[in-house]
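See below for the structure under consideration.
Every chain is numbered from 1 and lettered A, B, ... according to where its sequence line falls, protein lines coming before strand lines.
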Amino acid sequence: MLDIQFVRDNAELVAKKSKQKGYDVDVEQLLGFDRERRELLQQVEDLRRQRNELSSQTKGQKPSDEQVKAGRDIKDKLAKLEHQLAAIDKEFVELLKQVPNMPLDDVPVGSSEDENQVAKKVGESPKFDFEPKNHAQIAEAKGWLDKERAAKVTGARFAYIKGDLVQLQFAIIQFVLSKLTDQSFLDEVIKENSLEISNKPFVPVLPPLMLRTDVYDAMDRLEPRDDRYKIEGEELWLQGSAEHVLGSMHADEILSESDLPVRYIGYATSFRREAGSYGKDMEGMFRMHQFDKLEMESLTDGDSGLQEHLFLIAIQEKLMQLLGIPYQVLHKCTADIGKPNARGVDIEAWLPGQGKYRETHTADYMTDYQARRLKTRVKRGDGRIELVHTNDATALALSRTPIAIIENYQTKDGNINIPEALKPFMATRPAV
RNA sequence: GGAGGGGUCGCAUAGUGGUCUAGUGCGCCGUCUUGGAAAGGCGGUAUAGGGGCAACUCUAUCGAGGGUUCAAAUCCCUCUCCCUCCGCCA
């Protein structure tokens, strides 16, 4: 949620930038509710003051008939006004919640994901002296992926992942954890990218995979609800990404400045209904209802929020480089960064089997927009209380990273090589 | 799933309808005393919102939301979280 004071001071800008993100917000109406709300609030507070004065006059004695009558009078007026205020306030908050975060100035303006900009391409796509297969062909032939049996049990977009592919997944997990908890690795990334930021290591977290409706809504990631799984009979949802449960961890807290940056590397199974993507990416395990993911989440002060965002992207890139997967970095345009985002970057890995770059990572920078509703704050050294800035970013997605490895490292005889960086973490090797 | 007990200021506690503008202790900050410190004295110590150029002031918040009442930390209802015991379970 935006700060209403910011909206008051920048009405035109808010209208314009909201529109750039594809949100048609009636800022005039919002400010009208704001004025009305404040007027009523003053009247209500004045009546409450009168009530407090009246009841403190009685000092333990029985009130006189006159006092009771005056009190009753205040009570009636107050009830009426409070009712009005609650109604206005509800509309006001609803409208304010609809205003998206303001994109930073360097976010390209665009009306659909087609206007995302390729910032750079890294790595050479591998040359094959044979026709490269896609991951589904390889994995199914190897017995690593069984979707037919999964269909019996759960329906479409689920799979049994088996054998060496499981080993690969666990190796990736260990690889990521070993890097993100290693200060010297972070120092290297900071140095290579000339960042000015803490080298505090990430804390590994296994978060709960469900969260409450109100918390999900406060994170501003519940919508569209059609894409979420609701637990029947409970105010609980299956999380769609570890950031949903990591970012909300410190809701309603005032952190001390020395706690920052808070950095988590979470490992969680994510669930998505994939509503509206019927028939898309049905082959293999590219788009599933359930997939595991390693996700970075950071809470920082406002001064270092943007640096943190760049840092998380630099980590994403470094991990991809270590794995030797060719990729491109995409600056998402205003229409594609998402409602709470101020800036968003995707990384797309080269998939030889598809002959395309496909999304494997996202990095989201929310400034203080998410923290405002979560009430996650920090007490600065000078005593001021500020909202934290939130950042999240995929470290590596499981299913899509293995897909990229399978397709880029495939051999003519249908085996795959293991990237050097993962070899120390493999319990067994699929092939050489 | 069943039974019971709880949630009050950073922490620990007091508070069973008006004297709560929430007391006390600890912690923390400032200050006095001191050569310096300890001890002690004094003062301060939450969050959110409204009004005001400001000093300041008003309102709300005792887990959350409703209700009763002229008046609610206190009474009633619903929810939530924690603890204990039983059952079940990895």
**Asked** Pick the nucleotide of RNA chain B nearest each of A/Val68 and A/Ile385; which residue has the one closer to the 5' end?
**Response** A/Ile385
**Prompt:** If we take the C1' atom in both B/C26 and B/C75, what is their distance in whole Å?
**Reply:** 33 Å
**Request:** For B/C62 and B/U21, measure between their C1' atoms and round to the nearest Å.
**Result:** 15 Å
**Results of ring-ring contact (aromatic ring centres under 6.0 Å, His included) for A/His389 - residues two or more places apart only** = A/Tyr365
**Complete:** Per the under-4.0 Å heavy-atom filter, residues of residues 28-43 of chain A near RNA chain B come out as A/Arg38, A/Leu41, A/Gln42
**Complete:** The side-chain contact (heavy atoms from CB on, under 4.5 Å) partners of A/Glu234 (sequence neighbours excluded) come to A/Ile231, A/Leu236
Look for any protein N or O under 3.5 Å of an N or O in nucleotides 59-61 of chain B and output each such pair with its distance, or none.
from	atom 1	to	atom 2	distance (Å)
B/U59	OP1	A/Asn52	ND2	3.3
B/U59	O2'	A/Arg48	NH1	3.1
B/A60	OP1	A/Arg51	NH2	3.4
B/A60	OP2	A/Asn52	ND2	3.3

**Prompt:** Between A/Asn134 and A/Leu351, is any pair of side-chain heavy atoms under 4.5 Å apart?
**Reply:** no
**Asked** In whole angstrom, what separates A/Leu78's CG from B/A71's C1'?
**Response** 13 Å
**Asked** Between A/Glu234 (CD) and B/C79 (P), how many Å, whole number?
**Response** 13 Å
**Request:** Can you tell me the pairing partner of B/G18 across any strand shown, Watson-Crick or G-U wobble, with both distances under 3.5 angstrom?
**Result:** B/C70
**Request:** Rounded to whole angstrom, note down the C1' distance from B/A14 over to B/G7.
**Result:** 16 Å
**Message:** So, using ring-ring contact (aromatic ring centres under 6.0 Å, His included) as the criterion, who are the partners of A/Tyr264 when residues are at least two apart?
**Reply:** A/His250
**Fill in**
Pairing partner of B/C85, by Watson-Crick or G-U wobble and under 3.5 Å for both distances, is B/G2
**Asked** Is B/G65 paired to anything, Watson-Crick or G-U wobble with both distances less than 3.5 Å, and if yes, which nucleotide?
**Response** B/C77
**Item:** Interatomic distance where CG belongs to A/Asp259 and C1' belongs to B/G10 [whole Å]
**Value:** 13 Å
**Request:** Determine the interatomic distance between C1' on B/C81 and the same-named atom on B/G67; round to the nearest Å.
**Result:** 23 Å
**Asked** Considering residues at least two apart in sequence or located in another chain, which fulfil the side-chain contact (heavy atoms from CB on, under 4.5 Å) criterion with A/Lys97?
**Response** A/Met1, A/Val93, A/Glu94, A/Asp217, A/Arg373
**Message:** Could you tell me the Watson-Crick or G-U partner of B/A54, where both distances fall under 3.5 Å? Say none if there is no partner.
**Reply:** none
**Asked** Separation of A/Glu235 atom CD from B/U78 atom P, in whole Å?
**Response** 18 Å
**Request:** Kindly write out the residues that satisfy side-chain contact (heavy atoms from CB on, under 4.5 Å) with A/Leu209, not counting sequence neighbours, or none if the list is empty.
**Result:** A/Gln239, A/Ala268, A/Thr269, A/Phe271
**Item:** Separation between the P atoms of B/G35 and B/C20, rounded to whole Å
**Value:** 43 Å
**Request:** Provide the Watson-Crick or G-U wobble partner of B/A90, both distances under 3.5 Å; none if there is no partner.
**Result:** none
**Item:** B/C82 to B/U8 separation - P atoms, rounded to the nearest Å
**Value:** 15 Å
**Watson-Crick or G-U wobble mate for B/C9, both contacts under 3.5 Å** = none
**Item:** Any A/Lys69 side-chain nitrogen or oxygen under 4.0 Å from OP1 or OP2 of B/C70
**Value:** no
**Complete:** When rounded to whole Å, the CG to P distance for the pair A/Asp3 and B/A48 reads 12 Å
**Item:** Base-pairing mate for B/G36 - Watson-Crick or G-U, with both contacts under 3.5 Å
**Value:** none
**Request:** Return the set of residues passing ring-ring contact (aromatic ring centres under 6.0 Å, His included) with A/Phe6 (not counting sequence neighbours), or none when no residue passes.
**Result:** none
**Complete:** Applying ring-ring contact (aromatic ring centres under 6.0 Å, His included) to A/Phe175 and not counting sequence neighbours gives none
**Approximate separation, where rounding is to 0.5 Å, of A/Gln290 CD and A/Ser399 OG** = 10.5 Å
**Message:** Say we look at B/G30 and B/U16: how far apart would their C1' atoms be, to the nearest angstrom?
**Reply:** 39 Å
**Closest approach of A/Asp89 to A/Arg37 (non-hydrogen atoms, all atoms of both residues)** = OD1-CD, 3.0 Å
**Message:** Regarding A/Arg372, tell me which of base, sugar-phosphate or nothing describes its non-hydrogen contacts under 4.0 Å with the strands shown.
**Reply:** nothing
**Message:** Checking the side chain of A/Arg343 only, and the main-chain atoms of A/Ile337 only, is there a donor and an acceptor separated by less than 3.5 Å?
**Reply:** no
**Item:** B/A12 and B/G27, which share atom name C1', separated by this distance in whole Å
**Value:** 11 Å
**Prompt:** Given atom CE of A/Met1 and atom P of B/A48, what is their separation to the nearest angstrom?
**Reply:** 13 Å
**Request:** Starting at atom CZ of A/Arg384, determine the distance to atom C1' of B/U45, rounded to an integer number of angstrom.
**Result:** 19 Å
**Request:** Among B/U47, B/C70, B/C81, find the nucleotide with the atom closest to the side chain of A/Arg72.
**Result:** B/C70
**Request:** State whether A/Lys375 places a side-chain N or O below 4.0 Å from either non-bridging phosphate oxygen (OP1 or OP2) of B/A48.
**Result:** no
**Prompt:** How close or far is atom C1' of B/A48 from atom CZ of A/Arg373, stated in whole angstroms?
**Reply:** 16 Å
**Request:** Using the closest heavy atom to pick a nucleotide of RNA chain B for each, name whichever of A/Arg377 or A/Arg8 lands nearer the 5' end.
**Result:** A/Arg377
**Request:** Sort out the partner of B/C42 for me: Watson-Crick or G-U wobble, both distances under 3.5 Å, none otherwise.
**Result:** B/G30
**Request:** Working to the nearest 0.5 Å, report the span between CD of A/Gln20 and CG of A/Leu13.
**Result:** 8.5 Å
